[in-house]
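Below you'll find the structure, written out as structure tokens, and then a few comments.
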Amino acid sequence: MNATDGAPRHPAHDDLIRRWLDTVPAGTELSADPRPYAENLLARWAEPQRRYHSTDHLVAVLGHLDTLAGHADDPAAVRLAAWFHDAVYRPDRSENEERSAVLAERALSELGLDGARTAEVARLVRLTATHNPGPGDTNGEALCDADLAILAAPPGPYAAYASAVREEYGFVPDAAFREGRAAVLRQLLELPTLFRTPHGRDRWEARARQNLATELELLTV
């Protein structure tokens, strides 16, 4: 797993390294030093094309998983999946989740994690392409809810999120972006529920729907 050089250091860098080191061993005798893998991942999350899918997003998802971990069957696998779920991110490409999953499979195999946990992490990363976990998939529910929790942010942070998404797609003409974004928002609003965990449904669902409806209205006036 080659390191990506030249990335700026995030204020939470040291805490993130600690969190990675606390998560990766998970009772396994590792075959490689895990720290360079964390450094590589953090460099990826700091790539210049990212405005929303940045280190701040990783920090937020991990924080939400601290709240949702009790819902998951394998919290360590879910946290590892959070590290990898946008590790490969190019806004002009559609295969980011698949490439991120392949990266997870390679990196975790090199580290010496067992095949079952490595496969579960990769499955969870791929699941973030649809955010549609199946019945009883508590790991998937926890990860997807943590990833979508930004939808339930207060109005100011939500507006900043929407603006950052627009910046990531700065190469798309405004009319095309508004049309595409509006379609995504409508699709989300048509879902029976945005969140699958009890915490997500109770604490985030109503506010998220209000945010999505407000953004859709602003896009279509």
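Every heavy atom of this structure was used, including side-chain atoms; hydrogens, water molecules and symmetry mates were not.
With respect to the salt-bridge test (charged N to carboxylate O, under 4.0 angstrom), the residues Arg79 and Asp66 qualify. Remark: Asp174 does not engage Arg181 in a salt bridge, criterion side-chain N to carboxylate O under 4.0 Å. A salt bridge links Asp22 with Arg18: the distance from a Lys NZ or Arg NE/NH1/NH2 to an Asp or Glu carboxylate oxygen falls below 4.0 Å.
Sparse packing is recorded around CD of Gln210, with 12 or fewer heavy atoms of other residues, nucleotides or ligands lying under 6.0 Å away. Atom CD of Glu217 sits in a sparse spot, with 12 or fewer heavy atoms from other residues, nucleotides or ligands closer than 6.0 Å. Arg123 CZ: more than 12 foreign heavy atoms inside a 6.0 Å radius. The local environment of CD in Gln49 is crowded, with over 12 non-hydrogen atoms from other residues, nucleotides or ligands closer than 6.0 Å. In Arg35, the CZ atom is not crowded: 12 or fewer heavy atoms of neighbouring residues, nucleotides or ligands sit closer than 6.0 Å.
Taking hydrophobic clusters as Ile, Leu, Val, Met, Phe, Trp and Tyr residues chained together by side-chain heavy-atom distances below 4.5 Å, Leu113 shares a cluster with Leu41. Under the 4.5 Å side-chain contact rule for hydrophobic residues, Leu80 and Leu42 share a cluster. Val165 and Leu58 sit in two unconnected hydrophobic clusters of ILVMFWY residues. Membership requires side-chain heavy atoms under 4.5 Å apart, directly or through other members.
A donor-acceptor pair shorter than 3.5 Å can be found between the side chains of Thr138 and Asp73. Inspection of the Asp56 and His10 side chains reveals an N or O donor paired with an N or O acceptor under 3.5 Å. No hydrogens or angles considered: nothing links the side chains of Glu110 and Ser31 as a donor-acceptor pair under 3.5 Å.
Without hydrogens or angle criteria, Glu215 side chain to Leu185 main chain gives no donor-acceptor distance under 3.5 Å. Of the possible donor and acceptor atoms, one in the side chain of Ser100 sits under 3.5 Å from a partner among the backbone N and O of Asn96. The backbone N or O of Ala153 sits less than 3.5 Å from a side-chain atom of Asn211, completing a donor-acceptor pair. For Glu168 (side chain) and Tyr52 (main-chain N/O), a donor-acceptor pair under 3.5 Å exists by modelled atom type. The main-chain N or O of Thr118 is never found under 3.5 Å from a side-chain atom of Glu105 such that the two would form a donor-acceptor pair.
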| request: Step by step, work out the salt bridge (charged side-chain N to carboxylate O under 4.0 Å, His left out) result for Glu120 and Arg117. | output: CA-CA 5 Å; Glu120 175 64 358; Arg117 176 163 280 161; over 6 Å; no
| field | salt bridge (charged side-chain N to carboxylate O under 4.0 Å, His left out) assessment of Arg90 paired with Glu47 | value | CA-CA 10 Å; Arg90 289 285 300 274; Glu47 291 166 341; over 6 Å; no
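The side-chain heavy atoms of His13 and Glu39, taken from C-beta on, include a pair separated by under 4.5 Å. Contact check for His131 versus Leu191: no side-chain heavy atoms found under the 4.5 Å cut-off. With a 4.5 Å cut-off on side-chain heavy atoms, Leu103 and Val125 do not count as touching. Side-chain contact between Thr197 and Arg201 is absent, with no heavy atoms from C-beta onward closer than 4.5 Å.
Taking the six-membered ring for Trp and the full ring otherwise, the centers of His53 and His85 sit at least 6.0 Å from each other.
A ring-ring contact (aromatic ring centres under 6.0 Å, His included) with Trp83 is found for exactly one of Tyr37, Trp45, Trp20, namely Trp20. Evaluated for a side chain to side chain contact (heavy atoms under 4.5 Å, CB included) with Arg209, the options Leu188, Leu151, Leu189 yield exactly one hit, Leu189. A side chain to side chain contact (heavy atoms under 4.5 Å, CB included) with Leu143 holds for exactly one of Leu68, Val78, Val121; it is Val78.
Geometrically, Arg50 does not engage Tyr89 in a cation-pi contact, judged by NZ or CZ lying under 6.0 Å from the ring centre and within 45° of the ring axis.
One distance of note links CZ of Arg196 with CG of Asp145; it measures 8.0 Å at 0.5 Å rounding. The CZ atom of Arg19 lies 8.0 Å from the CG atom of Leu65; values are rounded to the nearest 0.5 Å.
Listed by chain and number, the hydrophobic cluster partners of Val102 come to none, as no ILVMFWY side chain reaches under 4.5 Å of it. The hydrophobic cluster containing Leu218, built from Ile/Leu/Val/Met/Phe/Trp/Tyr side-chain heavy atoms closer than 4.5 Å, comprises no other residue.
Between Trp204 and His64, the two ring planes are perpendicular [angle over 60°; tilted spans 30° to 60°].
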